[in-house]
Number of protein chains: 2
Amino acid sequence: MLKKKYTIADIATMAGVSKGTVDRVIHKRGKVSKKAHEKITKILKEIDYQPNLVARNLKKNKTYRLLVLIPDPEKDPYWAPCLEGINTASQEFQAFGVMIETFLFDPSSTRSFNARSKEVLKNKPDGVVFVPLFYKESLTFTEYCKKNSITLATFNSSINSNNARSFIGQDLHKSGRVAGGLLHMLLPGKKHLAVVHMDEIYQNAIHMQEKEKGFRDYFDGLEQKHQIITHKIPEKDIRKIRKSVRGFLETYPEVSGVFVTTSKAYLLAEALPETDTRIRLVGYDLIEKNLECLDSGHIDFLIHQNPRQQAYLGVSYLSEYFAFDKKIPDNKLLPIDIITAENYTHYLE
Amino acid sequence: MLKKKYTIADIATMAGVSKGTVDRVIHKRGKVSKKAHEKITKILKEIDYQPNLVARNLKKNKTYRLLVLIPDPEKDPYWAPCLEGINTASQEFQAFGVMIETFLFDPSSTRSFNARSKEVLKNKPDGVVFVPLFYKESLTFTEYCKKNSITLATFNSSINSNNARSFIGQDLHKSGRVAGGLLHMLLPGKKHLAVVHMDEIYQNAIHMQEKEKGFRDYFDGLEQKHQIITHKIPEKDIRKIRKSVRGFLETYPEVSGVFVTTSKAYLLAEALPETDTRIRLVGYDLIEKNLECLDSGHIDFLIHQNPRQQAYLGVSYLSEYFAFDKKIPDNKLLPIDIITAENYTHYLE
DNA sequence: TATATATTTGTGTTCGAGCACACTTTTTTT
DNA sequence: AAAAAAAGTGTGCTCGAACACAAATATATA
């Protein structure tokens with residue numbers, strides 16, 4: 001179990017050569033005779049040589065510059081936990097020469113994204129972790145990074161680009177299914193449900209669709225058929241939202257459960273008529289206003305996308321890649337956490 | 001932001017002394033004049049000196065022996081994920097000289113625990129991570145470790161001993177509350193519920209009680225009062241369990257929701273009469289048989305105690321303590337994950 | 001004042017990997 | 001066969017912290 005730790009010097013002795021030659025074999029630097037090469041390779045395999053990462057790291061003594069490009073939590077509180085996750089990772093890896101800096105952009109402005117991403121590139125980083133909110137702009141960005149061999153990881157949103165090494169996030173389709181399962185449990189027998197997309201901007205469009213698909217998928221798999229209405233509320237003003245909700249309820253008085261595909265479920269809860277208690281609500285994200293609604297019973301379940309962990313993992317993966325040559329996982333799908341009024345505290349940390 | 005990394009040599013130059021003197025100040029080895037001490041201390045503070053952990057680790061070049069003492073997954077599948085967690089941590093930290101070995105004991109036998117814990121001690125480890133299933137025996141164990149300055153961490157179960165540095169687990173009372181909240185949501189208006197303790201051995205007694213307390217606590221906080229029955233099934237044989245369940249249902253035909261405080265909810269599900277669908281079931285732990293019951297709809301919710309993560313963190317905390325002098329957190333309470341048929345896959349990893 | 005003793009300070013080596021450079025051996029060219 | 005080029009090999013220094021030991025300085029004793 002506890003196998004001996006071999007050093008390059010050990011191997012050199014075993015092979016009857018000098019450590020320089022062993023080093024050349026390990027790093028494929030060539031200039032090694034066939035005979036020596038074979039002998040050393042064989043020994044390396046036999047003892048399953050693992051280089052001492054500590055010594056390697058010390059010798060290289062390089063500092064890596066890792067930049068993070070995410071939406072500004074001031075503009076959307078959903079992103080606030082990301083900063084904590086980044087900080088945690090930053091503290092862990094600065095001892096290994098990974099220097100981390102964060103750049104914030106306005107999630108409602110492609111212009112802001114472009115400006116900040118340019119700044120990031122001007123810094124000539126070794127790696128970038130970012131949230132590709134805007135599809136086209138993100139593609140341009142990843143392409144540039146590929147060309148300048150800047151290692152990339154994305155989280156929260158995915159883009160179909162093979163220029164980015166790693167994606168960390170959630171299976172949105174499945175999370176829609178989870179929401180379906182929850183509403184189904186809350187409302188056995190009830191057959192009228194609704195999917196509500198609440199978002200003043202439309203960059204979330206693909207996400208919301210994916211969630212809706214999963215939701216419908218769940219009910220399609222059931223024997224009993226359900227009526228599922230889709231309703232969009234692309235407003236920001238609370239009065240307009242109220243109006244939209246009122247209209248929605250009047251048109252479909254039989255709807256008893258609603259799945260809100262964004263973090264704005266609290267807006268729906270607030271906009272419901274005081275007297276109305278027949279609506280069961282499932283939404284996303286542990287932002288403060290949603291938690292208040294959990295406590296007051298206006299929202300039944302929230303799905304946690306764990307932005308903190310997403311950011312933490314994104315930064316960690318790249319840091320471990322730089323510091324220890326660790327492989328970066330292609331895809332990391334986080335669990336779909338189900339949150340109620342009783343268990344949310346532990347997810348806030 | 002990116003502050004310069006100072007080395008001991010840098011500080012020595014700044015203070016006009018040699019690196020030996022700086023070293024003595026840093027490690028409080030004494031034999032330093034008051035004047036030099038003051039000067040160096042001041043500089044250390046000013047630049048917020050952080051030693052290069054990589055270099056320190058390399059120099060020490062020590063291997064630490066970390067042993068893990070947990071129940072045998074062969075005897076109870078609940079513990080199987082722990083081995084994965086331990087392996088993951090082991091791979092991560094062996095590069096830093098932390099050698100990890102696992103010892104398994106029979107969770108139904110104090111004798112087995114004693115025998116294995118003796119073996120552990122015979123190995124003279126630097127640290128031990130263990131599950132203190134048996135109270136008295138665990139206290140003796142921790143005491144011995146304290147005396148021989150073996151660093152300890154516990155997970156899953158806690159013992160009130162200040163000889164153990166760290167506990168990783170769940171707030172059982174809260175998890176009972178969560179179960180209460182879930183059953184309440186599933187059964188609005190229904191007022192008859194039951195807590196069932198299923199366990200052939202009684203070492204879990206305190207855990208089960210704690211969970212029941214939380215469960216009752218939740219319903220005590222509601223306006224509408226509920227009838228909650230407690231039922232114990234200390235059997236192992238499936239026929240005896242069937243009989244016990246039948247008796248229970250006959251005595252309390254109005255019960256519509258059951259909270260099973262152990263990982264044996266599947267036994268209850270199996271023992272229910274085929275025709276009976278009125279019982280909503282909430283249990284614990286993602287063991288295979290429970291998952292099958294989730295899929296078939298016989299169990300509605302499971303609470304995940306995340307044994308994998310518990311073991312992983314236990315090992316990681318001690319490893320980081322040994323390798324990097326990192327402080328060990330006293331208490332780490334993991335989130336109370338709510339599991340349905342739709343989201344369990346992501347928790348299995 | 002000279003010598004012994006205690007206190008303080010400096011120097012040099014080590015950990016393992018990486019890499020530059022010097023050195024040796026083999027092969028090619030004239 | 002001698003010289004030049006190429007291929008292969010070995011040596012020694014570096015990264016930063018830790019620590020043993022030597023050296024220098026200060027204080028106490030005869």
Side-chain angles (χ1 to χ4, degrees), chain A residues 3-41 43-44 47-64 94-99 322-326, chain B residues 3-41 43-44 47-64 94-99 322-326:
Chain A
K3 59 189 171 191
K4 195 190 172 316
K5 277 268 181 181
Y6 292 94
T7 71
I8 286 187
D10 292 333
I11 296 163
T13 312
M14 286 189 254
V17 295
S18 75
K19 66 198 184 89
T21 305
V22 177
D23 181 71
R24 273 176 287 256
V25 171
I26 289 172
H27 292 89
K28 299 182 179 121
R29 281 197 243 281
K31 317 211 168 189
V32 178
S33 70
K34 211 171 153 191
K35 213 171 85 188
H37 189 277
E38 271 168 15
K39 201 167 191 177
I40 293 169
T41 315
I43 293 176
L44 286 176
I47 63 168
D48 182 33
Y49 169 69
Q50 300 292 128
N52 184 327
L53 297 185
V54 176
R56 173 176 290 177
N57 192 299
L58 175 63
K59 181 59 189 55
K60 286 200 174 169
N61 199 29
K62 232 186 120 175
T63 59
Y64 301 90
Q94 79 173 3
F96 301 104
V98 183
M99 295 300 156
F322 289 131
F324 309 124
D325 276 321
K326 212 169 157 178
Chain B
K3 59 188 171 192
K4 194 189 174 314
K5 278 268 181 182
Y6 291 93
T7 71
I8 287 188
D10 292 333
I11 296 162
T13 312
M14 286 190 254
V17 295
S18 75
K19 63 201 182 91
T21 306
V22 177
D23 180 72
R24 273 175 288 254
V25 171
I26 289 172
H27 292 88
K28 298 180 179 122
R29 280 197 244 280
K31 319 209 169 188
V32 177
S33 69
K34 211 171 153 192
K35 214 172 83 188
H37 189 279
E38 272 169 16
K39 201 167 191 177
I40 292 168
T41 314
I43 292 176
L44 286 175
I47 63 168
D48 182 33
Y49 170 69
Q50 301 293 126
N52 184 326
L53 297 184
V54 176
R56 171 176 290 176
N57 193 299
L58 176 62
K59 182 59 187 60
K60 286 200 173 167
N61 199 28
K62 231 185 121 175
T63 59
Y64 301 91
Q94 79 172 5
F96 302 103
V98 183
M99 295 300 157
F322 288 131
F324 308 124
D325 276 321
K326 213 170 158 177

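These numbers come from the heavy atoms of this one structure, side chains and all, not from hydrogens, waters or symmetry mates. Below, chains carry the letters A, B, ... as their sequence lines are ordered, and counting in each starts from 1.
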Practice problem: Nearest whole angstrom, please: distance from the P of D/dG16 to the CZ of A/Phe96. | Solution: 15 Å
Quiz item: So, is B/Tyr49 close to the D/dG16 phosphate, meaning a side-chain N or O under 4.0 Å from OP1 or OP2?
Solution: no
Exercise. Kindly write out the residues that satisfy side-chain hydrogen bond (donor to acceptor under 3.5 Å, both in side chains) with B/Asn52, not counting sequence neighbours, or none if the list is empty.
Key: none
Exercise. Could you state the atom-to-atom distance from NZ of A/Lys60 to P of D/dG16 in whole Å?
Key: 16 Å
Quiz prompt | Atom pair distance, as rounded to whole Å: CD1 in B/Ile11 and P in D/dG16 | solution = 12 Å
Quiz item: Starting at CG of A/Asn52 and ending at P of D/dC15, how long is that distance when rounded to a whole Å?
Solution: 18 Å
Quiz prompt | Span of DNA chain C in contact with chain B (heavy atoms, under 4.0 Å) | solution = C/dT8 to C/dG16
Quiz item: Looking for any heavy atom pair under 4.0 Å, which part of the strands does B/Val17 touch: base, sugar-phosphate only, or nothing?
Solution: sugar-phosphate
Please report, to 0.1 Å, the donor-acceptor pairs under 3.5 Å made by any side chain of residues 6-22 of chain A, with sequence neighbours excluded.
residue: A/Thr7; atom: OG1; partner: A/Ala9; partner atom: N; Å: 3.3
residue: A/Thr7; atom: OG1; partner: A/Asp10; partner atom: N; Å: 3.2
residue: A/Thr7; atom: OG1; partner: A/Asp10; partner atom: OD2; Å: 3.4
residue: A/Asp10; atom: OD2; partner: A/Thr7; partner atom: N; Å: 2.9
residue: A/Thr13; atom: OG1; partner: A/Ala9; partner atom: O; Å: 2.9
residue: A/Ser18; atom: OG; partner: A/Gly20; partner atom: N; Å: 3.4

Quiz item: For D/dC19, does either OP1 or OP2 sit under 4.0 Å from a side-chain N or O belonging to B/Arg29?
Solution: yes
Quiz item: Taking only residues two or more places apart in sequence, or in another chain, which ones meet B/Thr41 in a side-chain contact (heavy atoms from CB on, under 4.5 Å)?
Solution: B/Val25, B/His37
Quiz item: Restricting to pairs with a member in residues 49-64 of chain B, which pass salt bridge (Lys or Arg N to Asp or Glu O under 4.0 Å), not counting sequence neighbours?
Solution: B/Arg56-B/Asp325
Practice problem: Sequence neighbours left out, what passes ring-ring contact (aromatic ring centres under 6.0 Å, His included) with A/Phe96? Give chain and number order. | Solution: A/Phe324, B/Phe324
Quiz item: What's the CD-P distance between B/Gln50 and D/dG16, to the nearest Å?
Solution: 16 Å
Quiz item: According to a strict under-4.0 Å criterion, is B/His27 in side-chain N/O contact with OP1 or OP2 of D/dA18?
Solution: yes
Practice problem: Kindly write out the residues that satisfy salt bridge (charged side-chain N to carboxylate O under 4.0 Å, His left out) with A/Lys326, not counting sequence neighbours, or none if the list is empty. | Solution: A/Glu320
Exercise. Using a 4.0 Å heavy-atom cut-off across all strands, classify A/Ile8 as base, sugar-phosphate, or nothing.
Key: sugar-phosphate
Quiz item: Which angle, rounded to 10°, do you find between the first-five-pair axis and the last-five-pair axis of the helix from C/dT1-D/dA30 to C/dT30-D/dA1?
Solution: 60°
Quiz item: Listed by chain and number, what are the side-chain contact (heavy atoms from CB on, under 4.5 Å) partners of B/Ala95, not counting sequence neighbours?
Solution: A/Leu53
Exercise. Specify the residue among B/Gly30 and A/Ala55 whose closest nucleotide of DNA chain C lies further upstream toward the 5′ end.
Key: B/Gly30
Self-check item: For the student: nearest non-hydrogen atoms of A/Lys5 and B/Gln94, plus distance
Solution: NZ-O, 3.7 Å
Are there any protein N/O atoms within less than 3.5 Å of an N/O atom in nucleotides 11-14 of chain D, and if so, which ones and at what distance?
residue: D/dG12; atom: O6; partner: A/Lys19; partner atom: NZ; Å: 3.0

Quiz prompt | Reported NZ-to-CG distance for the pair B/Lys28 and B/Asp23, which is rounded to 0.5 angstrom | solution = 13.0 Å
Practice problem: Enumerate the residues from residues 31-40 of chain A whose closest heavy atom to DNA chain D is under 4.0 Å, giving them by residue number; use none for an empty result. | Solution: A/Lys31, A/Val32, A/Ser33, A/Ala36
